[in-house]
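Both backbone and side-chain heavy atoms feed into the values below; hydrogens, waters and symmetry mates do not. Atoms within each ligand, like the ligands themselves, are counted from 1 in listed order. Worth saying up front: this structure is predicted, and the values here are computed from it rather than measured.
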Amino acid sequence: MDLGAITKYSALHAKPNGLILQYGTAGFRTKAEHLDHVMFRMGLLAVLRSKQTKSTIGVMVTASHNPEEDNGVKLVDPLGEMLAPSWEEHATCLANAEEQDMQRVLIDISEKEAVNLQQDAFVVIGRDTSEKLSQSVIDGVTVLGGQFHDYGLLTTPQLHYMVYCRNTGGRYGKATIEGYYQKLSKAFVELTKQASCSGDEYRSLKVDCANGIGALKLREMEHYFSQGLSVQLFNDGSKGKLNHLCGADFVKSHQKPPQGMEIKSNERCCSFDGDADRIVYYYHDADGHFHLIDGDKIATLISSFLKELLVEIGESLNIGVVQTAYANGSSTRYLEEVMKVPVYCTKTGVKHLHHKAQEFDIGVYFEANGHGTALFSTAVEMKIKQSAEQLEDKKRKAAKMLENIIDLFNQAAGDAISDMLVIEAILALKGLTVQQWDALYTDLPNRQLKVQVADRRVISTTDAERQAVTPPGLQEAINDLVKKYKLSRAFVRPSGTEDVVRVYAEADSQESADHLAHEVSLAVFQLAGGIGERPQPGF
Ligand code: NG1
Ligand code: ZN
């Protein structure tokens with residue numbers, strides 16, 4: 001390590017005084033103007049991680065679903081996964097180190113993780129907005145002697161794909177943007193060829209791109225799959241602001257359509273978030289009512305279809321669905337009682353869901369906000385490929401379909417483009433309209449709120465965040481409130497990405513869900529050190 005050079009270059013990416021950040025569920029995320037030093041330092045860290053794992057590491061510069069003034073950065077581990085927990089801690093230490101402590105922190109990390117500093121390092125970089133910030137990452141990589149490839153503009157899941165391809169010797173796919181487009185589109189076109197229902201109804205989709213990178217990438221990709229699907233893009237970045245009044249996060253949390261998109265009744269529409277790793281669907285019914293189809297219903301559609309295919313080819317593989325506490329109670333009940341698919345609940349944040357999903361032959365995981373994918377174990381993939389060769393006609397067809405679905409899913413990460421193509425293929429194959437899909441079950445009315453407190457760490461939770469352990473008395477208060485309503489449930493947890501406490505409530509009517517959420521917010525405000533104005537009723 002050339003410590004002199006590090007000190008010299010680090011000074012060019014100086015840390016604002018007193019700024020403390022934490023590597024959370026989504027990496028570092030804050031105002032873009034405060035991120036230059038973090039980018040440089042994450043370049044350094046990626047080199048150390050690459051040396052340690054003897055693999056290519058990814059660095060993605062993205063604001064995801066945050067407002068336009070923000071930006072962020074996350075590291076991608078060798079198999080396209082989120083960064084390992086111990087390295088998240090190193091990332092936090094390094095980002096917060098004062099200039100004079102940088103050398104010590106870097107040496108500490110290298111020693112703790114037994115990094116061989118002689119080892120070569122390779123880092124791939126992607127960004128969905130700021131070129132300047134990604135240049136700071138590159139500065140960090142180079143000063144530690146790492147090699148790099150800058151992919152320039154990519155969606156977050158595309159960068160995960162690149163990392164995965166590079167570390168699996170090209171077996172998974174080619175680590176180029178064309179490789180990604182070709183792999184997914186070929187599988188999609190093959191799959192939809194099997195569909196007996198054609199007609200425009202199944203073949204056209206309106207996509208709200210949140211004024212983010214998804215628009216650019218879908219536009220590049222659309223001619224690869226246009227045989228099977230035609231997409232009409234909205235909020236493509238030509239005018240509006242990133243994630244402002246549009247995008248998956250807005251649609252899900254406000255339970256209304258994005259601005260800038262004209263929706264005719266019963267038209268199938270979807271929204272991506274800013275970096276295209278989340279997707280939600282929706283439509284207006286004939287009476288003009290808005291219907292949201294969230295990650296839970298997406299997981300239900302996908303897992304049911306996969307289960308049907310497995311039955312057809314006569315394979316008894318274990319399939320599981322992984323959700324978080326935010327999953328609508330109706331979805332959990334439907335999956336368990338009607339579909340007879342086992343459901344598991346983990347803490348919020350895809351890394352937790354991903355980890356749990358790896359325990360199954362086929363693990364389908366989605367957050368209610370539309371972030372998710374399906375994972376297939378290598379053994380299952382082999383088995384299905386063999387079946388596609390050997391089985392007789394009807395079974396072979398099902399095995400082929402499964403093979404295509406495996407190719408379509410970005411198994412390295414939840415990917416809005418992959419998910420969209422899988423969903424579109426399933427709807428076409430099953431001849432399902434968006435209303436029929438929506439009618440699988442009825443969501444329980446729900447409400448999500450935020451409460452400002454002095455220190456959100458006073459709230460700690462257990463049971464996959466469904467029970468509050470501290471502060472004392474809070475869980476008892478929530479229990480008493482929940483008892484007042486029918487089919488009700490509520491929980492609170494500190495956000496991992498914003499300085500707020502999140503409150504979730506569901507009940508038999510929207511009015512009850514709203515009341516319950518408000519009452520729980522008041523309990524949080526009183527018992528967990530609320531600041532500012534007391535939570536007001538009404539939304
Ligand atoms: P926090 O801020 O910890 O609630 C949010 C989402 C997560 C996940 C992360 C990362 C909700 C309730 N929370 O986390 O699901 O997507 O952002 O982007 O949607
Ligand atoms: Zn995102």
**Request:** Mind reading off the angle at the Zn ion (ligand 2) between the OG atom of Ser64 and the OD1 atom of Asp277, rounded to 10°?
**Result:** 170°
**Asked** Please state which protein non-hydrogen atom is closest to atom 10 (C) of ligand 1 and give its distance, to 0.1 Å?
**Response** Ala26 CB, 3.8 Å
**Message:** Could you identify the single nearest non-hydrogen protein atom to atom 3 (O) of ligand 1 and state the distance to 0.1 Å?
**Reply:** Gly496 N, 2.6 Å
**Request:** Indicate yes or no: does an N/O atom of Ser495 lie under 3.5 Å from an N/O atom of ligand 1?
**Result:** yes
**Item:** Glu131 atom CD, over 12 foreign heavy atoms within 6.0 Å
**Value:** no
**Request:** Report yes or no: does Asn211 contribute a side-chain atom to a donor-acceptor pair with the main-chain N or O of His244 at less than 3.5 Å?
**Result:** no
**Complete:** Between Tyr365 and the options His371, His352, His354, the ring-ring contact (aromatic ring centres under 6.0 Å, His included) test singles out His354
**Message:** Please determine whether the number of non-hydrogen atoms from other residues, nucleotides or ligands lying under 6.0 Å from atom NE2 of His355 exceeds 12.
**Reply:** no
**Request:** For Arg493, counting its heavy atoms only, list the atoms of ligand 1 lying under 4.0 Å from any of them.
**Result:** 1 (P), 3 (O), 4 (O)
**Prompt:** What atoms in ligand 1 come closer than 4.0 Å to a heavy atom of Thr25?
**Reply:** 3 (O)
**Asked** Is the shortest distance from a heavy atom of Arg278 to ligand 1 less than 4.0 Å?
**Response** yes
**Asked** Closest non-hydrogen protein atom to atom 19 (O) of ligand 1, residue and atom name please, with distance?
**Response** Asn369 ND2, 2.9 Å
**Asked** Counting both backbone and side chain atoms, is some N or O of Arg502 under 3.5 Å from an N or O of ligand 1?
**Response** yes
**Item:** Protein contact of atom 8 (C) of ligand 1 - nearest heavy atom, named by residue and atom, plus distance
**Value:** Glu367 OE1, 3.4 Å
**Request:** Quick one: look up the protein heavy atom nearest atom 13 (N) of ligand 1 and list residue, atom name and how far away it is.
**Result:** Thr348 CG2, 4.0 Å
**Prompt:** Parallel, tilted or perpendicular: which fits the ring planes of Phe376 and Phe409, with parallel below 30° and perpendicular above 60°?
**Reply:** tilted
**Request:** Verify the ring-centre separation between Phe360 and Tyr344: is it less than 6.0 angstrom?
**Result:** yes
**Prompt:** Can we say Glu519 and Lys484 salt-bridge, meaning some charged N sits less than 4.0 Å from an Asp/Glu carboxylate O?
**Reply:** yes
**Prompt:** How far is atom 5 (C) of ligand 1 from its nearest protein heavy atom, and which residue and atom is that?
**Reply:** Thr497 OG1, 4.0 Å
**Asked** Do Lys217 side-chain atoms and Met221 backbone N/O form a donor-acceptor pair below 3.5 Å?
**Response** no
**Asked** What residue and heavy atom of the protein are closest to atom 18 (O) of ligand 1, and at what distance?
**Response** His65 CE1, 3.3 Å
**Request:** Heavy atoms only: give me the nearest Lys74-Asp277 pair and the separation to one decimal.
**Result:** NZ-OD2, 3.8 Å
